[in-house]
Amino acid sequence: MIDPWTRARAAAVAVLLCVPLVEGCSGDADRPSRAATDDTTVRAVDPGAVPGVTAVTRVEQGAARRVYAAYPRVPDAEPLTDRLAAVVEEQIRPFTAHTADAEPLPGGGLPELNVQWSLTAASRQIVGVRLVTWQFLGTSGGESRRTLWYDGVTRTAHPSADLIAGRVGLTALARHVRDRLGSRANPAQVRPEPQTFPSLGFNDEGDLVVEFSDYTVAPGSAGRVAVALGREVTEPLLSAFGRRARDAALAPPVGRPPPTRELAAARPPPARVDCASAKCVALTFDDGPGPRTRDVLAALEARRARATFFVVGDNAAADPGLVRAAAEAGHEFGNQTQSHRDLTRLPTMQINSDVQRTQDVLRRAIGRCVTLMRPPYGATSSTVAGVAKSLGLVQVLWSLDPGDLRERGAGRIADRVVERARPGAVVVLHENHRPTAEAVPAILKRLAAKGYTFVTVSELMAGHTVQPGGQFSGM
């Protein structure tokens, strides 16, 4: 079913401590990277090495809240996709209810919910998906962690506790975890119950990594709480399924590529346009790539139109071939960070890491460094500008927002874009929103009939001096 290769991925807390890997996309190319040595780092699979994986996203950007949630769609594992969708909905529903009539946050800003994903295993028979949910409601933020495991033989999704052999195994696991945590946690909270262990995975050595959500077994100030238990301890605790999951997490690449719908062979890119004389508009697409990106690209190709895609690094890493093909067809790519968090709430080092990781994903996919960045939600600050400047990136905002995420009808989205379009406009759209993808052909047809030429953001900026760290939102 799947053909992965594996790599270690730093734990959430390590993002704040490690120097990011730099591969020629900034002035720090000679700075060495620091290897992760935390034995609680969960082993992860590069999603780009798993044929057919795409990222499904849920996005809300309104006056009451901000939501960005993503999870993988793994080929031949539909029950897992359905379970992941349900888990994400379980996160979004109470957050939406809580923020429906909430008072404005102290200091301004909006409540935010963010769900990120990674693959912890991907073999013919076993898939593991780790979800990290971050929530901010004004006074503090916190992370919850949950790992689901999929059995391809029985076609069933399992909670992490199913890796452990029943009540006896959970009792022994709780005892070992309490011993390892010591004074870092409240021992009374580590109970031998399935809900105590929502996120179990494996490190590079095959040790069992037990991690907890913030505020569950320790104060929030403790940060990420996790322990690693060696094989000599965990071997008798694992269920038969748990041992299969461990073997899958450590397995070398195996699998078969599923059938995938590839892009049609693109014609040579159209000639570059001089927007000083042409009636130009720049269509930009956020939050991809995803399941509908190919539809958007097909509509653009049919009209010989270019656009700019601001991608989320985790999503681009899952489908680098699509990014590469779109770039070869003449489309432009920009950086929308690795996790789609509101950057104004993050410390400088974490902003740098989030942006730089996507720079590296895009450089590997298209063979060059991108020079444009769109801060998620358009939220920026002097700190964000400083990081953008240090990485040679111009911040791209927009001048026309049709509010497509709030619309369910493609016709209304197309009407708003066409009615509000002006020469030199930068239009923000969201390609993973079904009505938006369906509206693109009509937008292109109707704007072309009004004499517009579709260009990339860089073409629109040509002749205008915008320094790295500065902002551009159209002419």
Side-chain angles (χ1 to χ4, degrees), residues 57-67 110 270 273-288 290 292-311 326 330-332 334 336 372 374-380 395-464 466 471-475:
T57 60
R58 291 272 305 275
V59 185
E60 182 177 344
Q61 184 173 337
R65 67 191 70 86
R66 290 170 173 168
V67 174
L110 296 174
V273 176
D274 180 6
C275 292
S277 56
K279 190 177 178 181
C280 293
V281 63
L283 301 182
T284 68
F285 295 90
D286 285 6
D287 304 337
R292 297 182 181 91
T293 302
R294 285 174 170 81
D295 296 332
V296 171
L297 288 169
L300 292 166
E301 169 62 16
R303 283 278 168 183
R304 303 288 285 148
R306 278 192 294 268
T308 302
F309 293 83
F310 290 94
V311 300
H331 300 293
E332 184 171 39
Q336 206 181 12
L372 305 179
R374 174 165 285 166
Y377 310 110
T380 188
Q395 299 183 85
V396 178
L397 303 181
W398 53 84
S399 57
L400 196 169
D401 179 2
D404 57 328
L405 289 174
R406 299 187 294 275
E407 288 294 340
R408 296 185 178 181
R412 289 178 62 87
I413 295 171
D415 287 346
R416 288 179 181 171
V417 172
V418 174
E419 290 167 3
R420 300 176 188 179
R422 299 291 184 271
V426 174
V427 184
V428 59
L429 297 163
H430 299 82
E431 67 199 79
N432 290 329
H433 186 52
R434 183 190 300 274
T436 300
E438 293 172 348
V440 171
I443 291 171
L444 294 169
K445 180 179 179 180
R446 293 169 62 184
L447 286 180
K450 297 178 74 170
Y452 281 97
T453 300
F454 304 100
V455 298
T456 65
V457 169
S458 289
E459 286 179 284
L460 199 61
M461 282 199 305
H464 299 263
V466 185
Q471 296 181 20
F472 179 78
S473 57
M475 294 164 49

Exercise. Of all residues at least two apart in sequence or in a different chain, which pass the side chain to side chain contact (heavy atoms under 4.5 Å, CB included) check with R65?
Worked result: E60, V67, F95, T96, T99, A100

Exercise. Got a sec, which residues hit ring pair (Phe, Tyr, Trp, His ring centres under 6.0 Å) with H433, two or more places apart in sequence or on another chain?
Worked result: none

Problem set entry | With sequence neighbours excluded, residues passing side-chain hydrogen bond (donor to acceptor under 3.5 Å, both in side chains) with R406 | none

For this session: Could I get the full list of ring pair (Phe, Tyr, Trp, His ring centres under 6.0 Å) partners for F310, not counting sequence neighbours?
Result: none

Problem set entry | Side-chain heavy atoms of L283 within contact of V440, under 4.5 Å | no

Exercise. What residues, two or more places apart in sequence or in another chain, satisfy side chain to side chain contact (heavy atoms under 4.5 Å, CB included) together with R420?
Worked result: L400, R416

Exercise. Taking only residues two or more places apart in sequence or in another chain, which ones pass side chain to side chain contact (heavy atoms under 4.5 Å, CB included) with P441?
Worked result: A299

Seminar exercise, completed: Note: G288 and N432 closest approach over all heavy atoms is CA-ND2, 3.7 Å

Problem set entry | side-chain hydrogen bond (donor to acceptor under 3.5 Å, both in side chains) partners of T453, counting only residues at least two apart | none

Problem set entry | Listed once per pair and sorted, the salt bridge (Lys or Arg N to Asp or Glu O under 4.0 Å) pairs that draw on residues 427-436, sequence neighbours left out | none

Seminar exercise, completed: In this structure, CD of Q395 is separated from OG of S473 (nearest 0.5 Å) by 11.0 Å

Exercise. With sequence neighbours excluded, what pairs up with F454 under the ring pair (Phe, Tyr, Trp, His ring centres under 6.0 Å) test?
Worked result: none

Seminar exercise, completed: Hits for side chain to side chain contact (heavy atoms under 4.5 Å, CB included) against S399, two or more places apart or cross-chain, chain-then-number order -> A425, V426

For this session: Quick one: sort the H331 and F309 rings into parallel, tilted or perpendicular, breaks at 30° and 60°.
Result: perpendicular

Exercise. With distance as the sole test, does E332 use its side chain to make a donor-acceptor pair with the main-chain N or O of V457 at under 3.5 Å?
Worked result: yes

Seminar exercise, completed: Only residue of T284, D401, V417 satisfying side-chain contact (heavy atoms from CB on, under 4.5 Å) with L429 is V417

Exercise. Is it true that a side-chain atom of H430 and a backbone atom of D286 form a donor plus acceptor pair closer than 3.5 Å?
Worked result: no

For this session: Output every pair passing side chain to side chain donor-acceptor pair (under 3.5 Å) with a member in residues 436-446, not counting sequence neighbours, ordered by first then second residue.
Result: D404-T436, D415-R446

